[in-house]
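Beneath this line is the structure, given in structure tokens, with notes to follow.
Heavy-atom basis, side chains included; hydrogens, waters and symmetry copies ignored.
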Amino acid sequence: QYATPSDALVNVPHAQHLYDNQFLGRRIDVTAFVKIEDATFMIPAQTSMDVAPPVEIKSAQPSLLVLTPQTESRPPSLKVSVVSHLNQPANVWVGVLGSAADRTPMSLVESISPPLASGESVDLPMNPRLRIENFSNIEVSAAVEKGKTRSVVAKANLPIIKSDARVAPSLRVGYIRGFDFSLPNALNALGVESKELTVDEVKTAELSKYTSIIVDNRVYESQPELIAANPKLLDYANAGGNLIVFYHKSDEWNPDPRRNRPQLAPYKLLLGNERITDENAPITFLEPQHPLLNFPNKLGQEDFKDWIQERGLYYPREWDPQFHALLQSNDPGETPLKGGLLVADYGKGHYIYTSMVWYRQLRAGVPGAYRMLANMISYGRH
């Protein structure tokens with residue numbers, strides 16, 4: 001039997017403890033003393049244990065709130081998921097506080113779950129009633145209710161980010177989602193009508209009703225059946241649509257007869273393995289007057305500040321002259337790379353391919369990434 005010490009540090013969720021030496025859990029050293037006749041010796045062993053609060057906030061969606069001119073006055077939809085680690089059923093209270101610029105907290109909304117058994121989880125949908133543009137962040141608290149006593153046992157902070165990202169009117173965006181929800185969350189923050197498309201819907205639906213369609217990062221790998229449906233996407237662009245493709249790895253993209261993968265772009269576009277790992281690498285605007293960089297938001301150097309992790313991955317090494325390369329950047333001492341943002345006219349429509357890691361920036365709430373996404377989905381609408 002092992003009793004968790006009262007001073008044990010919580011280490012879940014792991015993603016929040018990567019750098020405090022807690023993500024592997026609490027180390028437990030065990031020694032068995034064995035005596036055989038007159039000989040005594042030790043057998044050591046080690047294991048680890050995750051330490052959780054009595055009630056854990058498993059997730060809050062979205063994980064940050066991004067306000068744009070289209071959404072700053074709307075009450076946000078917030079869904080909090082909690083799980084009980086208690087040995088007996090318990091009512092769990094979840095409250096949402098907004099912190100104003102003067103750090104004065106104000107209660108926005110609260111909810112109480114039905115009794116949760118040990119290991120049971122519940123999603124509590126919340127719609128804060130107040131206009132949150134007056135707040136700098138939101139704090140979610142979970143508490144155990146015992147009679148009239150309420151003990152807060154877990155907290156989560158949700159930043160509020162403001163981005164002056166404007167979009168063209170009457171947009172309707174379809175997207176084939178990648179590995180996470182950064183893209184649909186960002187489209188919601190921009191206030192545009194959007195719909196996630198399955199590969200079957202790409203094959204059978206009337207795509208012309210979408211002003212833009214986005215193929216999220218690495219979808220041709222995660223959903224390889226999209227390769228066979230790709231001609232339908234190219235037909236959509238050729239007929240007047242705006243097709244946007246986020247980054248892929250070279251071995252997921254380049255034509256490969258062994259994998260029955262033809263050319264996926266409407267014109268020649270071959271990816272290499274070059275990348276820009278310095279998130280502060282200088283950006284040069286090769287065609288500063290190009291509409292993609294100017295409508296509805298005029299992009300500048302400020303939009304490339306406060307990036308995280310890297311600028312881009314698997315930059316193109318060859319592309320058809322039909323493509324316009326709009327940006328250039330490079331790591332210190334490395335050859336400049338120009339293919340991070342490529343755009344071409346195709347038939348009556350447009351095709352955009354970008355190797356820059358917008359999804360990381362959207363997930364981190366970088367304001368400039370929302371302005372760039374707004375320009376991409378608005379392209380051709382002015």
**Message:** Given Arg311, which partner from the list Val357, Ile283, Asp278 fulfils the side-chain contact (heavy atoms from CB on, under 4.5 Å) test?
**Reply:** Ile283
Distance-only polar pair, side chains of [X] and [Y], donor-acceptor under 3.5 Å:
X: Tyr2; Y: Arg26; result: yes
X: Asn11; Y: His17; result: no
X: Ser250; Y: Asn273; result: yes

Could I get the full list of side-chain hydrogen bond (donor to acceptor under 3.5 Å, both in side chains) partners for [X], not counting sequence neighbours?
X: Tyr19; answer: none
X: Asn217; answer: none
X: Ser329; answer: none
X: Thr198; answer: Glu201

Taking [Y]'s backbone N and O only, do any of them form a donor-acceptor pair with [X]'s side chain (distance below 3.5 Å, no angle check)?
X: Ser121; Y: Val83; result: no
X: Gln70; Y: Leu190; result: yes
X: Tyr236; Y: Ser212; result: yes

Any pair counted as side chain to side chain donor-acceptor pair (under 3.5 Å), so long as it reaches [range], sequence neighbours left out:
range: residues 222-232; result: Tyr220-Asn230
range: residues 32-49; result: Asp29-Gln46
range: residues 54-63; result: Glu56-His85
range: residues 373-382; result: Asn297-Asn375

Of the non-hydrogen atoms in [X] and [Y], which two are nearest, and what is the gap between them?
X: Ala229; Y: Lys203; answer: CB-CG, 3.7 Å
X: Glu279; Y: Glu310; answer: CB-N, 3.9 Å
X: Leu269; Y: Trp319; answer: CD1-CB, 3.9 Å
X: Asn87; Y: Ser118; answer: CA-CB, 4.4 Å

**Request:** Report yes or no: is the cationic atom of Arg218 (NZ for Lys, CZ for Arg) under 6.0 Å from the centre of the six-membered ring of Phe246, at an angle within 45° of the ring normal?
**Result:** no
**Prompt:** Is the shortest distance from a Lys or Arg side-chain nitrogen in Asp251 or Lys249 to a carboxylate oxygen in the other one below 4.0 Å?
**Reply:** no
**Item:** NZ/NE/NH1/NH2 to OD/OE distance under 4.0 Å, Lys305 and Asp303
**Value:** no
Holding to ring pair (Phe, Tyr, Trp, His ring centres under 6.0 Å), I want the full list of residues that pass it with [X], two or more places apart in sequence or in another chain.
X: Trp307; result: Phe304, Trp358
X: Tyr353; result: Trp253
X: His324; result: His290

**Request:** Kindly indicate, with the supporting measurements, whether the criterion salt bridge (charged side-chain N to carboxylate O under 4.0 Å, His left out) is fulfilled by Glu221 and Arg261.
**Result:** CA-CA 11 Å; Glu221 174 69 11; Arg261 186 170 60 231; 5.3 Å; no
**Asked** For residues 170-179, which residue pairs qualify under salt bridge (charged side-chain N to carboxylate O under 4.0 Å, His left out), counting only residues two or more places apart or in two chains?
**Response** Arg172-Glu193, Arg177-Glu196
**Asked** If you draw a 6.0 Å radius around NZ in Lys209, do more than 12 non-hydrogen atoms from other residues or ligands fall strictly inside?
**Response** yes
**Request:** Show your reasoning for whether salt bridge (charged side-chain N to carboxylate O under 4.0 Å, His left out) applies to Arg363 and Asp180.
**Result:** CA-CA 9 Å; Arg363 192 166 58 196; Asp180 66 7; 2.6 Å; yes
